[in-house]
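Heads up: the structure comes next, in C-alpha cells.
A note on names: the letters A, B, ... follow the listed sequences, proteins ahead of strands, and every chain is numbered from 1.
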Amino acid sequence: MENMDTLMGKYGEEGDRLIFKILNSGNYLEKFSLSKKEIDEITKEKSLANEWFLFDHKVDFTKHLSEISEKALRYDLTVPFARYVVQHQNEITFPFKRYQIQPVWRADRPQKGRYREFYQCDADIIGSDALLNEVELVKLIDDVFTKISMPITIKINNRKILGGIAEIAGQPEKITDITVAIDKLDKIGQEKVIEEMQSKGISDEAIQAIKPLLHFKGDFQEKISLLSNLFESSEIGKKGIKEIEYVFETLKHLANIQSEVDFDITLARGLNYYTGAIIEVKAKNVQIGSICGGGRYDDLTGIFGLKNVSGVGISFGIDRIYDAMNELGLFEKANLLSESTLVLFTNFGKNETNYCLPTVFKLREKGVNSEIYPDIAKLKKQMKYANDKNIPYVVIAGEDEMKEQAFILKKMDTGEQKSLSETELINLFTTV
RNA sequence: GUAGCCGUAGCUCAGCUGGUUAGAGCACUAGAUUGUGGUUCUAGGGGUCGUGGGUUCAAGUCCCAUCGGUUACCCCA
C-alpha cells in the first residue's frame, strides 16, 4: 500500500484512473464538503428538498478524491521502488541493483491475460546512466526466456527518438499523443493512425513530417539512416539514435543473444516516466499482451526529492508468462508436472496406520516423497487415488503383513507386487 | 469509462417458433470384484433453470430490472 500522492501523476492520465484507491478509514466523509459552486449547480437543477440531496443527485466524487482517499494499492513496483530509494538514499550504495517479486493492482476490467491483481518481477539498476545497464537487462530477459524455452521478440525503442519525432513535427508538447497513435500502427493501420493524430489536434504539417515513418520497412541500419536524415535539426533525436546504436551494437557483437531483438520505432509505452530506452517483450505464437516491459527513467527519484539519479528497469509479468507457458505446453515439455508423491501407504485402520507411520517418516527423512492415505477407506478407493495422482508405488500392509513384519510393495504401472521388510523397502528407494 | 455475449446438476454443455415428470457427457456413490487402480458393464444420488418482477391458460424459453461471469475497445504485465 502506498500514499495516494506517491502514485498519482506518475503513470499518465489512464494510469491515474486505473490506480486502486482506498477509502479513508473511519468516518471518511467527515472532511468532505461540496464547494459553493457545486452546491449552486445542484440546487439550480433541483431544489434542496431534503438533506439527502447528496445521494439523490449524483456527485462526482472523483473531484473530491483527496478528501476521501489518501491511500492506494501499488500500481507497479518501479514507482514505489523510486520512493524507497529516495527514503533510504543514505544507506544505499549506488549503483544499486535489486529485484523484487510482489503483487500489483490495476482497477481495470479483468479479461483474458489481464488481471486486477497480478505479480510482477522487477529488476532495476539505479544510480547509473550507463547504457551498459540497458544491455545487461536485455541479456537478462534473453536468459530468462531462453531458460524456459519460450520464443520471444524483444522490442526496443528510445523515448528520445520519439521526442525527436515530435520535435521535427514541430509539436514537442504533443509527444504523448503522437507516440500513442504511432504505437497502434500495426493494430489499426496507417489511415487510422493519421485520423487519430488529427483528432488529437496534431497539425497537418506535423503529420506530413511523421508520415515517412509510418510506412517504413527496413532493417536496423536502414531505420537508423532514415532517422538520421530526419533528425538533422533535432538534438534530442540524434542523442536517441546514438543510444540505440550503442545498445544494438553491443547486444549484437558481445552478448550472444538467442531471442529476436527488434528496433521498433512505433513502440511507445504509455507510462510517463520513461525518458530513454523503452523495452517490451512479446511471446511468439501466443496471443497475449506484453509479458515484460521496461525502460529508463531519469527523473523518477527527482519527484521524491533526489535529483540526478537515473535508473533503468524491467518488469516481468509473472501471470502472463505462466499463461503463455501453459498455452505453449512448456510445463509438460519441461517435465514440470511429474508426480509429487513416490509412495502411497494405504490405510486399513488404526493399528495398521500405527504400523506404517514410522516407516513413512523414515522414508521422508531420506528424502523420499511418501504419504499415507489419511482416511480409513476401501482399498479400491485408495488405489484409485494413487492412480489418479500418478503415484508410481503403493505400499499395502494389513494384519497378515503386520504379523510377518512385512510390507507389500506394488508397482502401479506393471501391477507386480512383492513382500519386503522395512529395511528392504527403505533400501529400495534410497539406493537408486 | 464504452460496447457485445453468456448465467440450466459438482464440471462442460444441450433444451427448436413458450406446451406433460428439464436432459447428456464427465465427476461422484454402490455393485459385478467380502484386501488391489487404469478398461468395461449395471444401478443410484444430485437441479430455488443467477435473482426479482412482468406478459400468458401455460415461461428454462418472451419482456424489463438487477447481480455475477466473460470478450472487445481503451490501456497495459
Assign Gly15(A) to base, sugar-phosphate, or nothing according to its heavy-atom contacts below 4.0 angstrom with the strands shown. nothing
Let's see if you can work this out: which of rU71(B), rU36(B), rC75(B) has an atom nearest to the side-chain heavy atoms of Lys184(A)?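 Of rU71(B), rU36(B), rC75(B), rC75(B) is nearest to the side chain of Lys184(A).
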For atom [atom1], what is the distance between [N] and [M], given to the nearest Å?
| N | M | atom1 | answer |
| --- | --- | --- | --- |
| rA14(B) | rG60(B) | C1' | 12 Å |
| rU39(B) | rG46(B) | P | 26 Å |
| rU51(B) | rA9(B) | P | 10 Å |

When only distance counts, do a donor and an acceptor, one from the side chain of [X] and one from the base of [N], lie under 3.5 Å apart?
| X | N | result |
| --- | --- | --- |
| Arg17(A) | rC74(B) | no |
| Arg114(A) | rC75(B) | yes |
| Glu401(A) | rG35(B) | yes |
| Arg320(A) | rC76(B) | yes |

Counting distance only, does the side-chain N/O of Thr301(A) pair as donor-acceptor with the main-chain N or O of Leu306(A) below 3.5 Å?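 Pair found, side chain donor or acceptor close to backbone of Leu306(A).
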Does [X] come within less than 4.0 Å of [Y], counting only side-chain N to carboxylate O?
| X | Y | value |
| --- | --- | --- |
| Asp413(A) | Lys411(A) | yes |
| Glu260(A) | Lys284(A) | yes |
| Asp388(A) | Lys384(A) | yes |
| Asp262(A) | Lys223(A) | yes |
| Glu117(A) | Arg106(A) | no |

Short side-chain N/O contact to rU71(B) OP1/OP2 from Gln111(A), under 4.0 Å: no
Quick one: does NZ or CZ of Arg98(A) land under 6.0 Å from the six-membered ring centre of Phe81(A), within 45 degrees of the ring axis?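 Yes; both conditions hold, so Arg98(A) lies above the ring face of Phe81(A).
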5′-ward residue of the pair Arg109(A)/Asp319(A) relative to RNA chain B: Arg109(A)
To the nearest angstrom, the NZ-P distance between Lys410(A) and rG37(B) comes to 7 Å
Hunt down the Watson-Crick or G-U wobble partner of [N], both distances under 3.5 Å, from any strand shown, or write none.
| N | result |
| --- | --- |
| rG46(B) | none |
| rU2(B) | rA72(B) |
| rC13(B) | rG23(B) |
| rU33(B) | none |

Using heavy atoms and a sub-4.0 Å distance, could you list which residues of residues 374-385 of chain A are near RNA chain B? By number, please.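 Per residue number, the list reads Lys378(A), Leu379(A), Lys380(A), Lys381(A), Met383(A), Lys384(A).
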